[in-house]
Amino acid sequence: MSSKESKNFIELIIESDLAEGKFPEGIKTRFPPEPNGYLHIGHAKSIVLNFGLTQKYKGTTNLRFDDTNPETESTEYVESIKRDIKWLGYDWEEREYYTSDYFDQLYDFATKLIRGGLAYVDDSNTETIQSQKGAVGQAGTESPYRNRSVEENLDLFERMKAGEFQEGSRVLRAKIDMASPNMHMRDPVIYRIKRMPHHRTGSRWNIYPMYDFAHGQSDSIEEITHSLCTLEFENHRPLYNWLIEKLGIYPSRQIEFARLNLNYTVMSKRKLLLLVQKGLVSGWDDPRMPTISGMRNRGYSPASIRAFCERVGIAKRDNVIDMSLLEFCVREDLNKIADRRMAVLDPVKLIIENYPEGQEEWLPAENNPEDDSAGSRELPFSKELYIEREDFMEDPPKKFFRLAPGRNVRLKHAYILHCTGFERDEKGRLTEVRATYYPDSRSGSDISGIKAKGTLHWVSAKHAAEGVVHMYDRLFKVPEPLADKNVDFLEYFNEESHRIIKGVKLEPSLTEAQSLQPFQFLRKGYFVRNTIEHNGLPVFNMTVGLRDSWKK
RNA sequence: AGACCCAUGGUGUAAUUGGCAACACAGCAGAUUUUGGUUCUGUAAUUCUAGGUUCGAGUCCUAGUGGGUCUACCA
């Protein structure tokens with residue numbers, strides 16, 4: 001593929017493992033989402049990493065739903081997650097697993113710990129357990145229930161499972177070290193009572209394992225060789241390893257990397273949820289959201305997201321990626337695959353004075369200059385056209401290449417024009433531009449010898465289709481809305497992040513566009529057909545603008 | 001201020017593991033262009049600080065500084 005052969009630290013670890021002959025059967029990774037929300041670009045980084053690694057080296061990646069908290073999880077999320085992963089272009093084949101499928105094994109693991117004197121049932125309430133936890137620089141105190149007999153613990157745990165106790169009345173704790181400088185080792189809770197139906201196991205269970213007693217064990221059950229997670233789990237690793245060691249199960253290895261942050265947006269599920277709940281966005285799949293579903297509606301291609309995730313790299317230091325890198329990746333891909341079309345977003349009438357009344361001709365136009373196989377289409381041309389309001393200036397600066405009195409300009413795929421005049425209404429608003437055309441300057445057969453500095457896009461007034469365009473901008477007004485802990489990030493919400501433009505003039509072929517089909521609107525940017533219409537009119541979402549090196 | 005982790009141009013990520021600090025994005029300048037797009041060329045800008053080891057340190061050691069994570073019956 002590319003010539004750069006630089007490896008990230010995880011690849012280095014894997015290569016060294018492989019060199020030692022550790023995994024003759026190949027490596028195994030997993031992508032372990034909790035089905036309690038939608039996937040975002042940060043998850044995409046993890047998906048691309050996990051699946052990418054097993055594609056590059058030999059191996060397999062499991063999809064595992066980490067569903068140990070029935071309170072927040074649902075099959076609706078399971079479905080959306082599966083859809084997003086597939087859309088990104090990854091296939092977990094038959095390896096679709098659920099932590100809830102391991103509940104029996106996990107229960108056995110817990111009893112094994114109890115029998116080994118390494119876990120105990122604690123009758124203390126939440127507050128007591130919290131206060132006994134101690135503080136960062138100071139040891140905790142041991143629970144009075146810490147030294148119950150194995151028999152009593154077994155009996156109590158069995159009855160917790162049987163549903164004999166109320167929620168919150170008892171927990172199972174690992175017996176480790178209340179004085180450990182690592183808070184996670186101070187007798188962590190590993191099972192809690194929850195009388196609540198689970199999306200897969202129904203009401204079969206009254207107790208559910210905690211993350212620390214489910215994730216690592218599931219990795220082990222699946223014989224995951226490299227369990228990749230984000231930095232905040234670094235402090236959990238000693239516990240992860242302790243449990244594997246005491247249980248004597250497959251030694252999966254946890255490796256942490258820095259999560260993805262993007263400027264001008266937020267990445268946490270909780271904060272994204274807040275935007276939805278406050279009605280600041282239309283939903284999880286709003287095109288402004290950094291969710292996979294939002295980006296899909298925005299028109300980002302799977303290939304561009306994958307390319308982006310590969311370019312950001314994998315390391316352990318906190319990072320904030322420039323939105324411009326994402327936009328670059330999107331343009332890079334769309335430039336190659338998006339058919340060109342013409343659409344006038346802010347139309348003003350252009351009259352070609354010397355073009356015969358009633359005449360029309362159909363001009364050939366290539367669909368994509370970057371791809372000959374994309375073919376061409378025909379564009380209707382006539383005496384009255386629409387051009388972009390901003391493409392005319394009465395008194396232009398020297399570097400303005402567009403229409404102005406007395407100036408020439410090329411109409412893309414058509415003729416060269418000479419601007420002869422314009423009209424404004426009483427409020428000074430431009431209502432019409434007038435010009436003459438050079439009949440022998442037609443694109444492809446230009447023998448006029450006239451040169452024009454600029455080229456404009458246009459749409460024939462008579463043939464134009466009407467449409468609606470949704471313009472999008474960054475979600476927040478500042479690069480790092482979370483940087484100042486004294487300011488609520490919602491205060492930085494960009495009220496102008498969504499703008500609806502009506503009365504857009506579209507070239508006729510655009511009415512046949514497929515839902516989510518990407519286009520480049522010439523000189524404007526990349527757009528996709530929205531999945532829904534607006535009063536019967538086609539709607540297009542702006543994905544990203546074209547790079548614009550014309551600064552005034 | 002207990003433990004753990006991190007520190008390389010504006011932003012990210014590399015550096016054959018101790019041997020001339022590079023790649024991408026962004027910026028700037030120019031060429032090409034029937035999209036002010038694409039493409040191409042050029043350009044500026046980098047090893048947190050102080051010691052130490054070494055012929056040689058971005059890399060190893062010590063201390064400091066700065067930042068992150070951790071005290072949920074969430075994951």
Side-chain angles (χ1 to χ4, degrees), chain A residues 2-8 12 32-34 36-37 66-69 71-73 122 125-126 129-131 133-140 167-173 180-186 188-194 207-208 210-212 214-215 229-238 256 258 263 269-270 311-329 331-332 335-336 340 342 369-370 399-402 409-414 416 441 443-444 446 451-457 479 520-525 545-551:
Chain A
S2 71
S3 53
K4 64 160 180 114
E5 184 48 51
S6 79
K7 293 166 184 133
N8 63 52
L12 258 19
E34 183 190 10
N36 70 344
D66 212 346
D67 56 350
T68 57
N69 185 2
E71 215 167 305
T72 56
E73 298 155 3
D122 194 331
N125 59 32
T126 307
I129 290 178
Q130 265 172 15
S131 66
K133 202 111 189 176
V136 281
Q138 149 200 345
E167 272 189 32
S169 63
R170 280 177 178 78
V171 291
L172 182 70
R173 292 227 258 169
S180 171
N182 183 334
M183 303 301 288
H184 296 285
M185 299 299 271
R186 320 247 265 224
V189 172
I190 58 176
Y191 260 96
R192 78 288 213 185
I193 299 169
K194 250 182 210 301
I207 54 173
Y208 292 91
M210 297 290 290
Y211 167 84
D212 285 308
H215 200 105
C229 62
T230 44
L231 253 29
E232 64 268 30
F233 292 101
E234 225 154 18
N235 292 331
H236 293 243
R237 182 155 29 93
E256 312 84 12
N263 60 15
K269 277 189 207 172
R270 212 199 108 255
R311 278 184 198 247
V312 297
I314 301 294
K316 296 190 74 162
R317 88 180 92 137
D318 294 318
N319 61 81
V320 182
I321 309 292
D322 232 300
M323 188 62 98
S324 64
L325 180 62
L326 214 207
E327 295 181 340
F328 169 82
C329 292
R331 292 191 189 104
E332 184 185 43
N335 179 49
K336 291 182 302 194
R340 272 57 169 173
M342 294 205 282
E370 306 295 318
K399 300 278 278 193
F400 187 80
F401 303 158
R402 312 174 188 182
V409 79
R410 159 76 66 183
L411 289 181
K412 181 72 178 174
H413 300 307
I416 293 177
S441 66
S443 284
D446 184 352
K451 50 187 186 340
K453 187 73 176 154
T455 303
L456 305 188
H457 62 281
Q520 182 194 111
F521 287 177
L522 245 44
R523 304 210 303 136
K524 284 283 140 190
L546 254 25
R547 192 162 155 267
D548 186 2
S549 56
W550 184 59
K551 53 256 164 240

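By convention in this document, chain letters (A, B, ...) are assigned in the order of the sequence lines, proteins followed by strands, and residues within each chain are numbered from 1. Heavy atoms only: backbone and side chains are in, while hydrogens, waters and symmetry mates are out.
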Point to revise | Rounded interatomic separation in angstrom, taking CG from A:Leu326 and C1' from B:U11 | key: 13 Å
Practice item. Calculate the interatomic distance between A:Leu456 atom CG and B:G37 atom P; express it in whole Å. Key: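 Rounded to whole Å, this separation is 15 Å.
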Protein and nucleotides 71-74 of chain B: nitrogen or oxygen contacts under 3.5 angstrom:
from  : atom 1 : to       : atom 2 : distance (Å)
B:C73 : N4     : A:Ser124 : O      : 3.2
B:C73 : N4     : A:Thr126 : N      : 3.4
B:C73 : N4     : A:Gly168 : O      : 2.8
B:C74 : OP2    : A:Arg192 : NE     : 3.0
B:C74 : OP2    : A:Arg192 : NH2    : 2.7
B:C74 : O3'    : A:Arg192 : NH2    : 3.2
B:C74 : O2'    : A:Asn69  : ND2    : 3.1

Review point. Can you tell me if the side-chain N/O atoms of A:Ser549 get under 4.0 Å from OP1 or OP2 in B:G37?
Key: yes
Per [X] side chain, nearest of listed nucleotides [options]:
X        : options             : answer
A:Pro181 : B:G2, B:C70, B:U35  : B:G2
A:Leu12  : B:G36, B:U35, B:U17 : B:U17
A:Phe328 : B:A3, B:C25, B:G36  : B:C25

Point to revise | Residues A:Glu73, A:Asp66; criterion side chain to side chain contact (heavy atoms under 4.5 Å, CB included); working and verdict | key: CA-CA 9 Å; A:Glu73 298 155 3; A:Asp66 212 346; over 6 Å; no
Please tabulate, one pair per line, each protein N/O and nucleotide N/O from nucleotides 5-8 of chain B that are separated by under 3.5 Å, including the distance.
from : atom 1 : to       : atom 2 : distance (Å)
B:C5 : O2'    : A:Glu234 : OE2    : 3.3
B:U8 : OP2    : A:Arg317 : NE     : 3.3
B:U8 : OP2    : A:Arg317 : NH1    : 2.5
B:U8 : O4     : A:Arg317 : NH2    : 3.0

Exercise for review: Just say parallel, tilted or perpendicular for the rings of A:His236 and A:His184, cut-offs at 30° and 60°.
Suggested key: tilted
Without swapping roles, check the side chain of [X] against the backbone of [Y] for a donor-acceptor pair under 3.5 Å.
X        : Y        : answer
A:Arg186 : A:Ser180 : yes
A:Asn8   : A:Gly313 : no
A:Arg331 : A:Gly525 : no

**Study point:** Upstream residue (5' side of RNA chain B) when A:Asn182 and A:His215 are each assigned their closest nucleotide
**Key:**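 By nearest-heavy-atom nucleotide position, the 5'-most residue is A:Asn182.
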Revision key, fill the gap. By nearest-nucleotide position on RNA chain B, the 5'-leaning member of A:Gly444 and A:Ile321 is A:Ile321
**Study point:** Polar side-chain contact A:Arg523-B:U35 base: donor and acceptor under 3.5 Å
**Key:**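 Checked by distance alone, the answer is no.
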Nearest 0.5 Å, what's the [atom1]-[atom2] distance between [X] and [Y]?
X        : Y        : atom1 : atom2 : value
A:Ile207 : A:Lys194 : CD1   : NZ    : 13.0 Å
A:Lys524 : A:Asp548 : NZ    : CG    : 9.0 Å
A:Arg523 : A:Met342 : CZ    : CE    : 10.0 Å
A:Leu546 : A:Gln520 : CG    : CD    : 4.5 Å

Exercise for review: Provide the distance between the two C1' atoms, one in B:G52 and one in B:G9, to the nearest whole Å.
Suggested key: 28 Å
Taking only N/O atoms, report every protein-nucleotides 44-46 of chain B pair under 3.5 Å with atom names and distance.
none

Review point. Can you give the dot-bracket line for RNA chain B, where a pair is Watson-Crick or G-U wobble with both atom distances under 3.5 Å, crossing pairs use [ ], and | marks a partner on another strand?
Key: .((((((..((((.....[..)))).(((((.......)))))....(((((..]....))))))))))).....
Please tabulate, one pair per line, each protein N/O and nucleotide N/O from nucleotides 38-41 of chain B that are separated by under 3.5 Å, including the distance.
from  : atom 1 : to       : atom 2 : distance (Å)
B:U38 : OP2    : A:Arg547 : NH1    : 2.9
B:U38 : O2'    : A:Asn335 : ND2    : 3.4
B:U38 : O2'    : A:Glu370 : OE1    : 3.2
B:U38 : O2'    : A:Glu370 : OE2    : 3.3

**Study point:** Set of residues satisfying side-chain contact (heavy atoms from CB on, under 4.5 Å) with respect to A:Ser324, sequence neighbours excluded
**Key:**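 By the side-chain contact (heavy atoms from CB on, under 4.5 Å) rule, A:Ser324 matches A:Asp322.
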Practice item. Assign B:U17 to syn or anti; the rule is syn for a glycosidic angle within 90° of 0 and anti otherwise. Key: syn
